[in-house]
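Before I ask anything, let me first share the structure, which is written out below as structure tokens.
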2 protein chains.
Amino acid sequence: MSPDVINLTSLFDGGSSEHQIQHRVDLFNKWKITPGSKILEIGCGQGDCTLVAAYILGDQGHVTAIDPAPKDYGAPMTLGEAQDKLRQTPIGDRMTFYQSNLQDFLDSGASEQVYDYAMLVHSVWYLPSVEVLQKMLAALRGRTKCLLIAEYSLDIRGDIAALPHLLAAISQAEFNSRSNILDQDDNIQSIISQQTICALAQTAGWELQKEEIVESPQGQEDAEWEVHRVLSKEYSIRSESHGDPSRQNFANALIDAVAQSTRVIGPNPKLRTLSTWLGSWV
Amino acid sequence: MSPDVINLTSLFDGGSSEHQIQHRVDLFNKWKITPGSKILEIGCGQGDCTLVAAYILGDQGHVTAIDPAPKDYGAPMTLGEAQDKLRQTPIGDRMTFYQSNLQDFLDSGASEQVYDYAMLVHSVWYLPSVEVLQKMLAALRGRTKCLLIAEYSLDIRGDIAALPHLLAAISQAEFNSRSNILDQDDNIQSIISQQTICALAQTAGWELQKEEIVESPQGQEDAEWEVHRVLSKEYSIRSESHGDPSRQNFANALIDAVAQSTRVIGPNPKLRTLSTWLGSWV
């Protein structure tokens with residue numbers, strides 16, 4: 001663990017694991033953000049990335065972090081609790097949190113006219129649809145100098161231990177692609193590929209500067225979380241209560257594929273979280 | 001290549017590749033069918049498996065091979081052409097072909113009252129639904145002493161080169177799980193897992209004797225065929241003309257995942273066909 005990760009994990013005091021912090025430090029190491037910048041973070045959730053951004057920006061920088069989820073959403077710590085905890089750290093005054101969607105926020109008096117960076121870090125797969133992302137990318141034109149997006153890659157890059165995470169993501173996206181699904185409990189709503197993100201950004205007028213890949217640190221928990229969810233009894237029950245038989249058969253096969261892919265890794269599976277794809281645009 | 005494969009490939013005279021024949025010989029080597037038996041083969045298609053079964057059964061055995069597809073279905077050789085070719089081989093009198101679904105055939109005067117073996121070799125994923133398989137397994141009770149099923153496994157068993165085939169199968173099954181799809185062009189209609197096959201067989205009263213896995217021979221073309229299909233322009237166009245936007249986004253992500261999984265294998269990808277799972281029941 002680097003000194004930065006030790007500092008940050010200790011700053012958040014149990015609010016996030018060292019692996020989650022390490023992963024976000026790895027992203028910023030690629031992005032080389034200018035200290036003192038103003039960042040708009042879209043879909044901040046519990047604020048893991050907000051914390052890392054605030055730390056790296058230094059005392060002249062600021063992160064405005066927005067998320068439409070209610071403050072009492074999330075477990076074991078709610079968004080509100082986590083954000084309060086972050087605000088109380090020694091770098092808490094570098095962060096401001098708003099419960100808002102992007103368009104409402106940009107239209108409000110709280111928003112800067114132009115940010116140095118707007119970023120979506122692992123919030124794209126939370127979006128309900130490609131169309132929502134398309135609108136967001138259009139709305140951001142003229143409101144930020146640089147656009148940064150980080151999301152999991154659909155490519156396991158030869159690492160068989162990442163296959164269960166990929167298949168679990170496909171399974172969750174299958175459920176959430178059904179019509180009339182109001183249940184928004186999954187961490188993965190739609191698996192939007194890097195090809196699609198690039199195409200949408202181009203349509204919205206963004207010019208791609210760079211694409212990169214960041215491997216997940218060993219121990220990053222996302223694979224375990226998503227696979228565990230898909231293999232839970234509640235998940236199967238929910239799937240079967242929301243689809244026609246043909247759809248359910250397909251969904252069941254995906255769940256079986258997740259189960260088999262975990263078995264092949266061994267008696268004590270060490271699942272690997274998918275690599276993250278990074279894009280930056282001006 | 002074993003002498004059997006050389007003999008069989010030469011018997012069929014270009015009707016099938018040595019890899020396809022080798023794969024079916026590998027299946028029968030596991031199953032150890034008693035020579036002289038009477039087999040009912042369900043979903044024989046172009047008859048690759050019919051040929052191998054007839055060869056292995058010897059001159060006292062017989063394969064009754066049924067398929068509901070029209071005789072002019074299939075390319076580059078139609079079912080009718082391939083079956084005629086097989087009938088003209090020196091072991092052609094060990095095979096009889098009928099264009100029929102299972103229930104109609106069992107109800108007809110053409111069927112034996114009881115077969116030694118009924119087998120489905122790579123025909124399960126051609127079926128439109130789990131429900132159709134359920135009915136077939138029930139209809140076969142009392143009409144065969146032994147039930148044999150071979151179908152691809154949803155498990156790539158640690159071989160990254162088989163991932164494109166798995167993802168292409170998921171993609172085709174996604175399309176065919178949509179409601180009101182009348183297009184039956186895909187080789188894969190539904191990815192029914194080995195867990196589901198076992199559960200259905202048990203419900204129908206079958207007692208599982210053995211499960212085995214057969215690796216595909218290097219060069220077996222199925223992975224190439226299915227991946228090529230999913231990555232074709234026509235496939236994307238068809239997908240986009242049959243779904244709501246949410247469904248299409250999911251389908252597009254699956255196609256992108258197939259494309260990426262082929263790229264990781266290298267500049268000259270050698271795709272591997274999925275392993276085959278075998279079950280036998282009495």
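We name chains A, B, ... by the order of the sequence lines, and we start the count at 1 in each one. The structure displayed is predicted, hence computed values, not measured ones.
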Any side-chain to backbone donor/acceptor pair from A:Asn176 onto A:Gln172? Under 3.5 Å, distance only.
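Judged by distance alone, yes, a pair lies under 3.5 Å.
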With no hydrogens and no angle check, do the side chains of A:Ser236 and A:Ser239 hold a donor and an acceptor under 3.5 Å apart?
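Per modelled atom types, A:Ser236 and A:Ser239 side chains form no pair under 3.5 Å.
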A:Asp186 side chain to A:Tyr235 side chain, donor-acceptor N/O pair below 3.5 angstrom
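Their side chains do not contain a donor-acceptor pair, so the 3.5 Å distance test is not met.
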Option in B:Leu166, B:Leu167, B:Ile191 with maximal non-hydrogen atom pairs under 4.5 Å from chain A
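Most pairs with chain A among the choices: B:Ile191.
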Just so I know, are the side chains of A:Leu133 and A:Val124 near enough to count as touching, which here means a heavy-atom distance under 4.5 Å?
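A:Leu133 reaches A:Val124 side chain to side chain.
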Table please: side-chain donor-acceptor pairs of residues 197-206 of chain A below 3.5 Å, with sequence neighbours left out.
from	atom 1	to	atom 2	distance (Å)
A:Thr203	OG1	A:Ala199	O	2.9
A:Trp206	NE1	A:Leu137	O	2.9

Quick one: list whatever passes side-chain hydrogen bond (donor to acceptor under 3.5 Å, both in side chains) with B:Ser216, sequence neighbours left out.
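B:Ser216 satisfies side-chain hydrogen bond (donor to acceptor under 3.5 Å, both in side chains) with B:Arg272 once adjacent residues are dropped.
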When only heavy atoms count and the cut-off is under 4.5 Å, which of residues 249-258 of chain A reach chain B?
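The stretch touches chain B at A:Asn249, A:Phe250, A:Ala253, A:Leu254, A:Asp256, A:Ala257.
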What part of B:Glu174 gets closer than 4.5 Å to chain A, counting heavy atoms only: side chain, backbone, both or neither?
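When you check distances to chain A, atoms from both the backbone and side chain of B:Glu174 fall under 4.5 Å.
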According to the salt bridge (charged side-chain N to carboxylate O under 4.0 Å, His left out) rule, which pairs have a member within residues 119-135 of chain B, sequence neighbours left out?
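Listed once each, the pairs would be none.
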